[in-house]
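Below is one structure, written out as structure tokens; comments come after it.
Numbered from 1 within each chain, the chains take letters A, B, ... in sequence-line order.
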4 protein chains.
Amino acid sequence: MIKVGIVGGTGYTGVELLRILVNHPDVELKVITSRSEEGVRVADMFPNLRGHTDLQFSVPDVQKLGECDVVFFATPHGVAHAMAEEILNTGARVIDLSADFRLQDADEWAQWYGQPHGAPGILPQAVYGLPEVNREQIKQARLIAVPGCYPTSVQLGLLPLLENNLLGEQMLIADCKSGVSGAGRGASVGSLLCEASESMMAYAVKGHRHLPEIRQGLKRAAGKEVQLTFVPHLTPMIRGIHSTLYASASGLTQEKLQALYEQRYANEPFVDVMPAGSHPATRSVKGSNVCRIAVHYHAATGQIIVLSVIDNLVKGASGQAVQNMNIMFGLAENAGLQQVALLP
Amino acid sequence: MIKVGIVGGTGYTGVELLRILVNHPDVELKVITSRSEEGVRVADMFPNLRGHTDLQFSVPDVQKLGECDVVFFATPHGVAHAMAEEILNTGARVIDLSADFRLQDADEWAQWYGQPHGAPGILPQAVYGLPEVNREQIKQARLIAVPGCYPTSVQLGLLPLLENNLLGEQMLIADCKSGVSGAGRGASVGSLLCEASESMMAYAVKGHRHLPEIRQGLKRAAGKEVQLTFVPHLTPMIRGIHSTLYASASGLTQEKLQALYEQRYANEPFVDVMPAGSHPATRSVKGSNVCRIAVHYHAATGQIIVLSVIDNLVKGASGQAVQNMNIMFGLAENAGLQQVALLP
Amino acid sequence: MIKVGIVGGTGYTGVELLRILVNHPDVELKVITSRSEEGVRVADMFPNLRGHTDLQFSVPDVQKLGECDVVFFATPHGVAHAMAEEILNTGARVIDLSADFRLQDADEWAQWYGQPHGAPGILPQAVYGLPEVNREQIKQARLIAVPGCYPTSVQLGLLPLLENNLLGEQMLIADCKSGVSGAGRGASVGSLLCEASESMMAYAVKGHRHLPEIRQGLKRAAGKEVQLTFVPHLTPMIRGIHSTLYASASGLTQEKLQALYEQRYANEPFVDVMPAGSHPATRSVKGSNVCRIAVHYHAATGQIIVLSVIDNLVKGASGQAVQNMNIMFGLAENAGLQQVALLP
Amino acid sequence: MIKVGIVGGTGYTGVELLRILVNHPDVELKVITSRSEEGVRVADMFPNLRGHTDLQFSVPDVQKLGECDVVFFATPHGVAHAMAEEILNTGARVIDLSADFRLQDADEWAQWYGQPHGAPGILPQAVYGLPEVNREQIKQARLIAVPGCYPTSVQLGLLPLLENNLLGEQMLIADCKSGVSGAGRGASVGSLLCEASESMMAYAVKGHRHLPEIRQGLKRAAGKEVQLTFVPHLTPMIRGIHSTLYASASGLTQEKLQALYEQRYANEPFVDVMPAGSHPATRSVKGSNVCRIAVHYHAATGQIIVLSVIDNLVKGASGQAVQNMNIMFGLAENAGLQQVALLP
């Protein structure tokens with residue numbers, strides 16, 4: 001049994017980690033921390049966990065966390081910067097769901113997050129935890145940066161095109177629609193039901209923090225800089241990201257494009273390339289760790305449209321974090337991750 | 001491995017059965033029938049099942065169904081009447097999620113459903129599949145009538161009061177709020193998003209088909225006729241039933257009431273009596289087989305208020321059906337039923 | 001033109017007042033106050049008002065407010081206590097949408113709101129602004145306490161029974177379902193889309209602040225104390241209250257009951273008694289000032305079920321406030337209030 | 001008073017027309033037709049209209065319709081083809097909300113709708129009813145083709161760029177998100193609350209019937225063929241379209257772009273160009289006839305992003321139809337159309 005600690009379990013990625021881990025066959029939950037909720041039973045805050053765990057929130061304590069085999073950070077940015085190194089020094093591994101180690105360039109991080117990078121010393125050892133790209137490095141990693149939700153859906157949707165150098169120079173467009181849980185569990189007017197339901201809006205058109213992360217990933221795949229326009233939208237639902245991706249390439253066919261994607265992801269347990277002509281709905285992945293993708297080609301214009309859907313809290317956060325853990329510890333990659341999406 | 005067949009798998013209780021059964025450790029899915037969808041892969045109709053099953057819909061065939069150990073009916077009323085006996089004759093057991101065998105009185109059934117009872121011959125052997133009441137009979141049963149969704153939440157909420165004869169003669173009130181999935185997957189104007197979302201309404205105030213079923217269950221618990229006013233409401237959400245139950249009894253205390261419920265359900269794996277003062281939300285059971293109950297007592301007036309929540313498709317239908325199967329076949333009662341509710 | 005001021009226009013009742021008043025034919029909006037938003041254009045905070053008003057929020061100033069004919073308070077409780085008398089002294093009239101003057105007994109107010117009543121001196125002149133009961137007093141009033149949302153729907157639903165002394169001694173039950181806007185525009189975790197949508201829950205079962213207000217109104221109608229159990233529920237929608245009211249009386253008929261309600265409300269412009277057998281949906285009043293009521297009688301048991309729906313922000317708050325203004329100033333009672341509910 | 005008839009009033013554009021017209025100061029509603037609902041009171045089908053109209057559905061009758069000054073068609077495609085000419089011959093004018101006269105090329109229409117054009121003879125006199133483009137022709141028109149919902153939001157969003165010839169040759173992208181009411185009031189599984197809520201999906205990526213209409217409008221504005229990729233998405237809300245439009249042009253600035261849009265729409269009563277940096281939400285136009293637009297320019301890449309929102313049932317259908325009527329009959333263009341959006 002792998003001994004697991006969680007730092008910061010009071011947000012949505014925290015409770016989602018718990019939902020997955022309490023039923024994980026190889027995991028023993030040892031610690032969950034929250035300064036503000038010390039002594040509170042986790043199941044009192046999240047009643048869906050009643051009957052599944054007796055754990056209580058405790059104040060973060062490096063020694064106690066260090067007794068775990070792996071520590072997840074489900075915290076706002078900056079917290080893992082402050083604590084990760086100490087925990088790594090105890091011998092425990094770290095899987096960080098926050099943005100702290102996603103960008104390889106500490107200066108770029110500082111620019112987007114408006115504060116200096118707090119742990120440049122360990123940044124080089126951080127592995128970007130997208131298994132479909134970095135599975136081998138993840139096996140050896142001691143510090144994982146779990147990809148952001150938008151970056152997961154966009155990268156998985158574009159990788160086959162970029163890796164095969166099909167796109168040349170062009171502006172790619174990622175029009176992404178996210179459920180409100182992406183904004184977290186903090187009390188803010190914009191996330192109130194009365195503000196966010198029955199409405200649709202774009203936000204952060206000027207520039208969103210996930211943009212440099214996506215560009216970094218696309219560049220790695222393409223072997224060169226990639227231009228991207230990324231527009232996120234707040235969508236009136238709890239969970240789910242739908243990325244609609246636009247690129248163009250002449251000389252393809254629907255069949256070639258379909259085959260390209262099917263081959264790229266043939267052995268991926270959590271990427272599902274749907275049949276040609278499909279329109280994946282986010283509800284088809286609600287509560288599951290799957291990314292479903294459909295590709296469309298307009299032969300007359302050379303336009304490629306990729307539809308990529310995930311559950312932002314699962315494949316976009318906590319499920320992917322557990323997938324990384326499974327890989328790091330040599331478990332079956334889908335251990336604890338076989339939930340069927342809740343439909344309807 | 002228990003060989004399982006499903007008759008009528010194209011509705012919401014059907015897909016929910018599949019969601020549970022494809023991950024059930026002791027089950028092998030053999031057959032799923034639908035006349036209209038013959039040859040269609042189940043996962044093509046319900047993409048959440050992609051990667052979990054290759055089963056195709058087939059035309060119902062008693063011989064093929066008879067090779068199963070157990071056959072679930074997830075059909076409109078009348079279908080199980082027509083087929084159950086033949087299937088029982090093959091030696092397979094039957095778990096019927098429809099209303100066909102819920103009422104012990106065939107005449108009463110005929111009255112509420114507007115057609116003659118189609119299988120009065122086997123009605124006496126039907127066991128009402130509410131494990132919290134009939135666990136012993138379920139073990140021996142060959143034909144199970146899975147309780148309706150409203151009846152499950154109302155009965156579990158009132159049983160401790162009635163079994164202990166605390167209520168005397170009085171009109172009980174069950175004000176019940178159901179998500180729209182209770183209306184099924186049939187195309188009807190009233191269930192359109194544009195009709196049912198952002199609105200709340202009562203329906204069937206004159207009399208709902210679940211009323212006689214609830215009364216039958218309450219009478220069994222009380223040992224006498226029980227008066228009940230039952231008002232169902234269509235609530236703008238997909239899943240969940242919230243039953244608010246009103247009774248009165250002088251001379252109680254909050255502590256006694258709380259203790260009564262805790263004792264009654266102490267050994268029940270799927271009934272969770274919450275701490276005094278709680279207000280269970282339906283989302284705390286979304287996708288799980290749990291019924292959560294809170295009891296409130298107004299000492300000044302003797303008013304008892306019971307709040308009882310379930311997921312109508314799980315504890316109110318398919319989960320409870322699987323719970324019955326587990327009991328019938330001597331499996332762990334919670335096998336395949338340990339899903340944590342999806343929150344948020 | 002009536003000169004209107006609004007104190008506290010940044011919440012939902014504030015923006016709803018504005019929605020109504022900017023199109024009111026007899027109103028000139030002069031002042032809207034908010035300490036925190038001083039200088040901000042109202043339409044910058046609430047973009048639905050772009051093109052309808054150029055008003056800016058200003059710091060509350062009694063002199064400036066006193067130049068108005070009437071001042072609305074759309075504030076948390078306590079604010080009107082502090083300011084109303086000064087404004088009345090300028091000659092302006094006051095219509096208070098908060099709870100400050102709803103209870104005639106200052107001690108009871110203090111008990112439920114956990115602070116002393118801040119304006120007992122002017123409390124006796126406050127008129128409870130339910131036009132269906134107090135139209136004549138409203139005409140003369142200088143200080144109006146606009147009823148709460150739950151109290152409006154419950155009182156309108158029960159008045160005909162109580163005024164005709166049909167109920168005797170009994171516990172009445174009001175099972176009320178409210179949209180989330182009833183909780184206001186404040187940032188709180190419980191009102192987040194991810195917490196409140198796709199879920200149903202009761203709250204404040206122990207006792208809600210609207211209970212004494214409802215009891216006060218029912219007592220006035222009955223001429224004696226009335227027993228009431230009131231359970232509010234948070235419903236996953238923005239607007240709307242659905243009150244399901246339970247009483248019993250033998251010897252009635254559906255026809256008599258129907259006639260009783262139709263006669264009581266025959267001349268009321270904003271109470272719509274629906275045909276026998278109806279089930280009003282809250283969406284049928286969304287955005288309108290109408291209360292729709294349907295009555296059901298179960299002859300076999302003597303049970304009366306009244307269904308009463310309003311838009312909590314209109315007839316339950318801002319619309320009713322304007323209706324009071326119209327009456328006070330001798331305008332057509334429906335001036336500015338003829339919006340058709342938005343359906344779908 | 002203008003005498004108005006409506007053919008086909010049982011769908012969402014029909015009830016929306018009624019919501020607007022019953023409060024229109026210059027309109028007298030004379031006839032509303034529906035074969036299937038003959039004799040039913042409109043307010044019995046749509047209870048929001050109780051108290052606003054006593055009209056009953058009648059069987060369509062050209063003579064009776066011909067006594068009106070104007071007849072609206074709120075019908076599926078093909079119906080106006082069959083009836084419009086006869087009605088025009090009586091002297092009444094026709095405003096068609098369906099797709100029947102939107103495409104100037106009858107062959108193209110036939111191709112997209114899978115049936116021959118039913119009224120090529122009167123097609124040349126049809127005026128495309130986008131007032132921001134065709135106001136002068138509308139004044140003289142006897143037959144109006146009200147634009148589709150997607151085409152309205154996309155054209156208003158792109159017109160200033162095309163009319164000023166800023167775009168050169170390029171593929172424009174319109175990523176459009178529509179509420180479910182766009183699918184109409186017909187009973188279909190895909191529009192059920194349990195299918196369409198809590199989910200996001202693209203549809204018709206291969207080609208949507210609004211595509212040729214949009215291209216026709218863009219071509220007219222540009223004076224040449226325009227390339228467009230159009231991807232519609234089903235969004236979990238009742239009303240609203242959010243179009244996110246992507247184009248590129250070097251050498252612009254945010255200020256120039258902003259000025260371009262502000263000038264273009266300076267005198268348009270129903271197009272609101274929001275301040276630079278804005279993100280319009282669909283709820284800011286819910287129930288109103290306004291199109292709100294924000295423009296963003298990424299100077300580093302030359303990327304233009306236009307955000308354009310409407311209520312699909314108002315500016316995208318019935319409100320625009322009434323705006324056309326106002327223009328045709330020389331009324332104030334905003335008569336009956338000053339509703340403030342319902343927020344929250």
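Classified by interplanar angle (parallel below 30°, tilted 30° to 60°, perpendicular above 60°), the ring pair C/His242/B/His233 is perpendicular.
Of the atoms belonging to C/Ile238, heavy atoms from both backbone and side chain fall under 4.5 Å from chain B. Proximity to chain B is limited to the backbone of C/Pro280, based on heavy atoms less than 4.5 angstrom apart. Both the backbone and the side chain of C/Glu195 have a heavy atom closer than 4.5 Å to some heavy atom of chain B.
For residues 182-191 of chain C, heavy-atom neighbours of chain B at less than 4.5 Å comprise no residues at all. The interface of residues 294-307 of chain B with chain C, defined by heavy-atom distances below 4.5 Å, comprises B/His296, B/His298, B/Thr301, B/Gln303, B/Ile305, B/Leu307.
The number of heavy atoms from other shown groups lying within 6.0 Å of NZ (B/Lys224) is above 12.
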TODO: Could you walk me through whether C/Met200 and B/Thr244 pass the side-chain contact (heavy atoms from CB on, under 4.5 Å) test, one step at a time?
DONE: CA-CA 11 Å; C/Met200 183 79 193; B/Thr244 313; over 6 Å; no
TODO: Applying side-chain contact (heavy atoms from CB on, under 4.5 Å), run through B/Arg283 and C/Met201 and close with a yes or a no.
DONE: CA-CA 9 Å; B/Arg283 71 186 190 125; C/Met201 65 180 293; over 6 Å; no
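Residue with the most contacts toward chain C among B/Ala204, B/Gly240, B/Gly179: B/Ala204 (heavy-atom pairs, distance under 4.5 Å).
Considering all non-hydrogen atoms of both residues, B/Glu198 and C/Met237 come closest at OE2-CA, 3.5 Å. Residue C/Ser199 comes nearest to B/Ala281 through the heavy atom pair OG-CB, 3.4 Å, listed as atom of the first residue, atom of the second, then distance.
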